[in-house]
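These notes concern the structure reproduced below.
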Number of protein chains: 4
Amino acid sequence: MQFRIDYGSGRPVYQQIIDQVKRDIALGRLEKGEKLPTVRQLAAQIAINPNTIVKAYRQLEREGIIITKAGSGAFVSSIDTNLTISVRKKIIHKELERTIVEAIHMQITKDTLSQWFKDCLEKFRFANRKG
Amino acid sequence: MQFRIDYGSGRPVYQQIIDQVKRDIALGRLEKGEKLPTVRQLAAQIAINPNTIVKAYRQLEREGIIITKAGSGAFVSSIDTNLTISVRKKIIHKELERTIVEAIHMQITKDTLSQWFKDCLEKFRFANRKG
Amino acid sequence: MQFRIDYGSGRPVYQQIIDQVKRDIALGRLEKGEKLPTVRQLAAQIAINPNTIVKAYRQLEREGIIITKAGSGAFVSSIDTNLTISVRKKIIHKELERTIVEAIHMQITKDTLSQWFKDCLEKFRFANRKG
Amino acid sequence: MQFRIDYGSGRPVYQQIIDQVKRDIALGRLEKGEKLPTVRQLAAQIAINPNTIVKAYRQLEREGIIITKAGSGAFVSSIDTNLTISVRKKIIHKELERTIVEAIHMQITKDTLSQWFKDCLEKFRFANRKG
DNA sequence: GTGGTCTAGACCACC
DNA sequence: GTGGTCTAGACCACA
């Protein structure tokens, strides 16, 4: 797995690690059961403090996205969520709206934005049906 | 203009003010040339320190979204951007991808997400064409 | 890095800090990746409030000139700009014109001014070509 | 004389008026002895507070650029300065340097900047010789 | 230890 | 009256 940290983004490093793990799973690059790099490996690879990796992995585990087994490492779990549909809708709507607002202030037209959204969708691997 | 601060969100107060001004403009609730509340008014209204408002207004001005005139107040500017189209595309793509990744981890189907996106789009007021 | 604040100039302190960082980079005294003094160090060194430094560094970061990493400090970024060439031309022309107007009112001849301009140019380190 | 105020520039209104009077003189649009608009006229024309005009005219008079005669108005004086050459050099150098630093951070090449400077010079009317 | 946010309150420039 | 700057000092997130 290849990690790239963008220090200019303002986004915390640990958050960027979480983002990338989630993204790779959504892209199908990381499959269920697959092993993640160890904390030490990853810390060496991207040259950051190991505590930062620990923080990222801990949060990924809290979200149910990975499972860490003492002594053997961290593994991708199956995608699941305990959030109600209304909560999920609220969260996603909020994010979509924020992006749309940004786009409007960048003078992007509705059509262009819709096209970009479609382009992005194509890249990811959705489940066919819930459950 | 009605402001609501969510102290539980973790998002800085000044950032929430920025978000809401941008959102109201994108919704068409705030028109070009319209006057924003004064720093002192707004600080009193939402019971926070005036400096926090100043910070929000300053950043909005730097982004070209409002114009502040010392002695008379802050006003909505016309929407404009200096960013090249490739930069804009990059930023928006990144945001869209992040939302899509979140949605996948919440087991939301492609169709549902597309529908939510359409629903959100309807609420906002896009420019027909740049120029 | 040596900072000098001129309290008689009327120019805000935070702005003078920004000016000096930009100037040192343009002079080649500060290289990409180099670490700036910490907020607290600099505040102590020039005997001003740390928040004033924070303000300066924040704006430098927004302009893409430095990158701040929470927990490790502020670093010189690579020079880059998102502005379109026409916007850049407009800004620089305006500044040049203002200086020329000043010079004329000071009865400086065209030749003298041209010479001064050349002299100034020599001091700075320009990129050879964009890209 | 045509005045245009840019409220988005951050430059104080009274300063912009000063800038424009000086610029028009340097361009040769305003000749020695020519009458400036009255305070009331100008205040009405650009829709601002008359006190702002008064402040601008007062500073122009202090700089010896205009002469106001009670009851008859303000007139362009002859260009003159009481600054020593070394002071003038210092002021202009500082302005030139600031512009060059900006240009470098905008990734403008030395050649382009030199060309822009020449282009600007052509627009103005310099005295042939001091004295 | 680093920078980031917010508060409380002073003083100043601008209109 | 308006916003802009600076100070002093608290608390928090990040690495």
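Numbered from 1 within each chain, the chains take letters A, B, ... in sequence-line order.
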With the side chain counted from C-beta on, respond yes when [X] and [Y] share a heavy-atom pair under 4.5 Å apart, and no when they do not.
X     : Y     : value
D:S9  : D:Q16 : yes
D:D24 : D:E34 : no
C:T68 : A:Y7  : no

### Message
Return whichever of C:A74 or B:G71 has its heavy-atom-nearest nucleotide of DNA chain E closer to the 5' end.
### Response
C:A74

### Query
C:Q41 or B:P12: which one's nearest nucleotide on DNA chain E is closer to the 5' end?
C:Q41

Determine all donor-acceptor pairs shorter than 3.5 Å in which one atom belongs to a side chain in residues 39-46 of chain D; sequence neighbours excluded.
unit_1: D:Q41; atom_1: OE1; unit_2: D:T38; atom_2: N; d: 3.2

## Note on the structure
Assign each of A:R11 and C:A47 the nucleotide of DNA chain F bearing its closest heavy atom; nearer the 5' end lies the nucleotide of C:A47

### Task
Return the 5'-most residue of the pair A:K55, B:E61 with respect to DNA chain F, ranking by each residue's nearest nucleotide.
B:E61

### Message
Under a 4.0 Å threshold between the charged nitrogen and the carboxylate oxygen, would B:R98 count as salt-bridged to A:D19?
### Response
yes

### NZ/NE/NH1/NH2 to OD/OE distance under 4.0 Å, B:E97 and A:K22
no

### Query
Considering the terminal five base pairs at each end of the helix from E:dG1-F:dC14 to E:dC14-F:dG1, what angle separates the two local helix axes, rounded to 10°?
20°

### Message
Working note: A:E95 + A:K90, criterion salt bridge (Lys or Arg N to Asp or Glu O under 4.0 Å); need CA distance, chi angles, decisive distance, verdict.
### Response
CA-CA 9 Å; A:E95 288 191 29; A:K90 200 172 158 190; over 6 Å; no

### Query
Would you say the side chains of B:Q20 and B:R4 form a donor-acceptor pair under 3.5 Å?
no

### Task
Would you indicate what C:Y57 reaches in the nucleic acid, counting non-hydrogen atoms under 4.0 angstrom: base, sugar-phosphate, or nothing?
nothing

### Query
NA contact type, C:R40, heavy-atom cut-off 4.0 Å: base, sugar-phosphate, or nothing?
base

### Task
Would you grab the first and last nucleotide of DNA chain F (5' to 3') that comes under 4.0 Å of any non-hydrogen atom in chain C?
F:dT5 to F:dA15

### Query
CD1 of D:I48 versus P of E:dC15: gap in Å, rounded?
8 Å

### Task
Take A:R23 and B:E102 through the salt bridge (Lys or Arg N to Asp or Glu O under 4.0 Å) test and state the conclusion after the steps.
CA-CA 8 Å; A:R23 185 167 187 271; B:E102 280 308 312; over 6 Å; no

### Message
Taking only side-chain N and O atoms of B:K69, does any of them lie within less than 4.0 angstrom of OP1 or OP2 on E:dC14?
### Response
no

